[in-house]
Visitor: 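Quick one: structure below, then a few questions.
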Amino acid sequence: MIDLRSDTVTKPTEEMRKAMYLAEVGDDVYGEDPTVEKLEETAANVLGKEAALFVTSGTQGNQIAVLTHCRPSQEIILEAESHIFYYESGAVAALAGVQTRTIPSIRGAMDPRKVHEAIRGIDIHYPETGLICIENTHNRAGGAVVPVENMKEIYQVAKKHQVPVHMDGARLFNAAVAADVDVKEFAQYSDTVQFCLSKGLGAPIGSIIAGGKDFIQRAKVWRKRLGGGLRQVGVIAAPGLIALTKMKDRLAEDHENARLLADGIRNIDGLAVVNEVETNIVVVDVKELGVTADEFVVALKAEGVLSGSAGLSTVRLVTNLNVSANDIKLAIDAISRAVNKK
């Protein structure tokens, strides 16, 4: 099987497996795990933030950020199809007691003027805006890169109103590679950042939250409350450190493979690539075939390609560490066979 369901399906490299075995560990709740401390220090330096915190997942990282920034009954502003709104099980309402105010966007980038208009201050009738969230890259926009300039403008709006900004940067390093800028260029326009070690960077588990020292100290309390106080966590922090220090540059390979995949699909009658392929996600509309996305996912599996539905008629294909350029060629042939059988 050629697995294009997500970049979360990657297996740890041999170097990562050895690092797990040899990791120097200690009880992280007591602050005694040297491997996780090194990972957190490295992550903070890479992002240009004061401090960082290792968490189990991107969703946990985002939820800790909302819980740390906000008070119950406040409101968070975020993009209408963002991961926090769309894929995190209503956790901001269930856990933080905040409501969401969604802003439509163009390819994941919210209009700073719309953000400005949505911010609400103290009034007995309205929830006060407690946080603005930006997602970069934007998953449901097909891995689109939210431009640095857009982030800067939203950040300036937020600062005028004294509202913090959190970036869900699950695939932030994909954005930096695609834009050919240092990741700090994006991170400087958010007060806090979450990024995943377990997506394109290839680690088997884990994410990072980064921000000011005071914020991270308070975030540790919320991590503990959510059951995320970890013990000898160095065994999973070790592959995360390799992912962070050695796997960033190779993301360009995934982007090139995604472009190869999109080019091949464009030559297949009945299929339409509907996103601008900037990073490692390709979204394909199959409605001209007269089938649903779920039906086409089943057809692709029968031909040896794993994919995922992204809507009633759209299928998502994600390139990743374990998929080579040759695999892409084989996948294109398999997709063509699936179409010809319809």
Side-chain angles (χ1 to χ4, degrees), residues 43-53 61-80 82-85 92 96-123 125-138 141 144-173 175-176 179 181-195 208-219 222:
N45 289 334
V46 166
L47 292 171
K49 299 298 184 185
E50 288 182 342
L53 182 65
N62 286 334
Q63 294 307 314
I64 289 172
V66 174
L67 285 158
T68 306
H69 280 298
C70 297
R71 302 187 310 275
S73 82
Q74 286 188 318
E75 183 173 71
I76 63 172
I77 295 171
L78 69 176
E79 198 276 332
S82 62
H83 193 280
I84 293 174
F85 177 74
V92 293
V98 301
Q99 73 178 35
T100 54
R101 186 164 190 181
T102 57
I103 307 282
S105 71
I106 297 175
R107 302 184 64 251
M110 297 181 288
D111 185 336
R113 292 172 298 178
K114 296 293 184 183
V115 174
H116 171 76
E117 292 168 2
I119 293 174
R120 302 200 272 198
I122 298 174
D123 187 293
H125 301 93
Y126 310 129
E128 180 186 5
T129 301
L131 182 65
I132 298 168
C133 299
I134 298 171
E135 182 179 333
N136 204 3
T137 64
H138 194 287
V145 177
V146 176
V148 170
E149 188 59 34
N150 177 263
M151 289 196 62
K152 179 180 179 180
E153 291 179 22
I154 291 175
Y155 189 69
Q156 290 172 338
V157 168
K159 292 304 102 178
K160 287 180 182 178
H161 293 272
Q162 297 182 318
V163 175
V165 176
H166 172 68
M167 176 164 53
D168 174 5
R171 296 182 174 91
L172 178 59
F173 290 92
V181 299
D182 192 288
V183 71
K184 291 177 183 175
E185 291 294 310
F186 291 102
Q188 67 179 318
Y189 297 120
S190 61
D191 298 287
T192 57
V193 183
Q194 178 275 129
F195 73 86
I208 292 287
I209 317 172
K213 289 182 180 179
D214 178 66
F215 173 88
I216 292 299
Q217 196 59 41
R218 290 182 287 120
W222 277 112

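We count residues from 1, following the sequence as given.
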Visitor: Check whether R101 reaches the backbone of E75 with its side chain - one donor and one acceptor, N or O, closer than 3.5 Å.
Guide: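 Looks like no, no N/O pair under 3.5 Å.
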Visitor: Does any N or O in the side chain of R218 come within less than 3.5 Å of the main-chain N or O of T68, such that one atom is a donor and the other an acceptor?
Guide: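 Indeed, once roles are kept as given, a pair shorter than 3.5 Å links the two residues.
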Visitor: List the residues meeting side-chain hydrogen bond (donor to acceptor under 3.5 Å, both in side chains) with D168, not counting sequence neighbours, and say none if there are none.
Guide: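 Residues passing side-chain hydrogen bond (donor to acceptor under 3.5 Å, both in side chains) with D168: N62, Q194.
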Visitor: CD1/I216 to CD1/I64 distance, rounded to the nearest 0.5 angstrom?
Guide: 9.0 Å
Visitor: Please step through side-chain contact (heavy atoms from CB on, under 4.5 Å) for the pair N136 and V145, ending with a clear verdict.
Guide: CA-CA 6 Å; N136 204 3; V145 177; 4.1 Å; yes
Visitor: Can you give me the closest heavy-atom contact between A210 and L47, atom names plus distance?
Guide: CB-CD1, 3.6 Å
Visitor: Distance-only, no hydrogens or angles: does the T129 side chain make a donor-acceptor pair with backbone N or O of R120 under 3.5 Å?
Guide: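 Flag set: sc T129 to bb R120 pair under 3.5 Å.
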Visitor: For the CD1 atom of I119 and the NZ atom of K114, what is their distance to the nearest 0.5 Å?
Guide: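 The distance works out to 14.0 Å.
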Visitor: What's the separation between atom CG in D214 and atom CD in E50, rounded to the nearest 0.5 Å?
Guide: 9.0 Å
Visitor: Applying side-chain hydrogen bond (donor to acceptor under 3.5 Å, both in side chains), name anything that partners T100, two or more places apart in sequence or on another chain.
Guide: none
Visitor: Indicate the atoms forming the closest heavy-atom contact of N150 with P112, along with that distance.
Guide: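 Heavy atoms of N150 and P112 come nearest at ND2-CD, 3.9 Å.
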Visitor: Atom CD1 in I208, atom CG in L53: separation rounded to 0.5 Å?
Guide: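 One finds 7.5 Å between CD1 of I208 and CG of L53.
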Visitor: A side-chain contact here means heavy atoms from C-beta on lying under 4.5 Å apart; do V148 and Y189 qualify?
Guide: yes
Visitor: Any side-chain heavy atom of V66 within less than 4.5 Å of one from H166?
Guide: no
Visitor: Might you point out which heavy atoms bring A158 and V165 nearest each other, and give the distance in Å?
Guide: CB-CG2, 3.4 Å
Visitor: How far apart are the closest heavy atoms of F186 and A179, and which atoms are they?
Guide: CZ-CB, 4.0 Å
Visitor: Counting heavy atoms not belonging to F85, are there more than 12 under 6.0 Å from its CZ?
Guide: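 No - once you tally the heavy atoms of other residues, nucleotides and ligands closer than 6.0 Å, there are 12 at most.
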Visitor: Among residues at least two apart in sequence or on other chains, which ones pass salt bridge (Lys or Arg N to Asp or Glu O under 4.0 Å) with K159?
Guide: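 For K159, the residues satisfying salt bridge (Lys or Arg N to Asp or Glu O under 4.0 Å) (neighbours in sequence not counted) are D191.
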Visitor: Quick one: pull up CD in Q99 and SG in C70 and give me the separation to the nearest 0.5 Å.
Guide: 11.5 Å
Visitor: Does the E135 side chain pair with the main chain of H83, one donor and one acceptor, at a distance under 3.5 Å?
Guide: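 Checked: pair present.
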Visitor: Can you say whether the rings of F173 and F195 are parallel (under 30°), tilted (30 to 60°) or perpendicular (over 60°)?
Guide: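 Plane angle over 60°, so perpendicular.
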Visitor: Taking the side chain as C-beta and beyond, is there a heavy-atom pair between L172 and T137 under 4.5 Å?
Guide: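 No, too far: nothing below the 4.5 Å cut-off.
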Visitor: Would you say M110 and I134 make side-chain contact, with heavy atoms under 4.5 Å?
Guide: yes
Visitor: Looking at NE2 of H116 and CD1 of I103, how far apart are the two atoms once the value is rounded to the nearest 0.5 Å?
Guide: 12.0 Å
Visitor: Looking only at heavy atoms, which two atoms of P127 and S73 are closest? And how far apart?
Guide: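 Closest approach of P127 to S73, heavy atoms only: CB-O, 3.3 Å.
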Visitor: According to the salt bridge (charged side-chain N to carboxylate O under 4.0 Å, His left out) rule, which pairs have a member within residues 144-158, sequence neighbours left out?
Guide: none
Visitor: Kindly write out the residues that satisfy ring pair (Phe, Tyr, Trp, His ring centres under 6.0 Å) with H69, not counting sequence neighbours, or none if the list is empty.
Guide: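 H69 satisfies ring pair (Phe, Tyr, Trp, His ring centres under 6.0 Å) with F215 once adjacent residues are dropped.
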Visitor: Salt-bridge test for D182 and K184: reply yes if a basic N is under 4.0 Å from a carboxylate O, no otherwise.
Guide: no
Visitor: So, for V146 and G108, which heavy atoms are closest and what is the spacing to 0.1 Å?
Guide: CG2-O, 3.6 Å
Visitor: Verify side-chain contact (heavy atoms from CB on, under 4.5 Å) between T102 and L78, making sure each step is shown before the conclusion.
Guide: CA-CA 5 Å; T102 57; L78 69 176; 4.3 Å; yes
Visitor: Taking side-chain hydrogen bond (donor to acceptor under 3.5 Å, both in side chains) as the definition, give me every residue that meets it alongside E79, ordered by chain and number, with sequence neighbours left out.
Guide: S105, H138
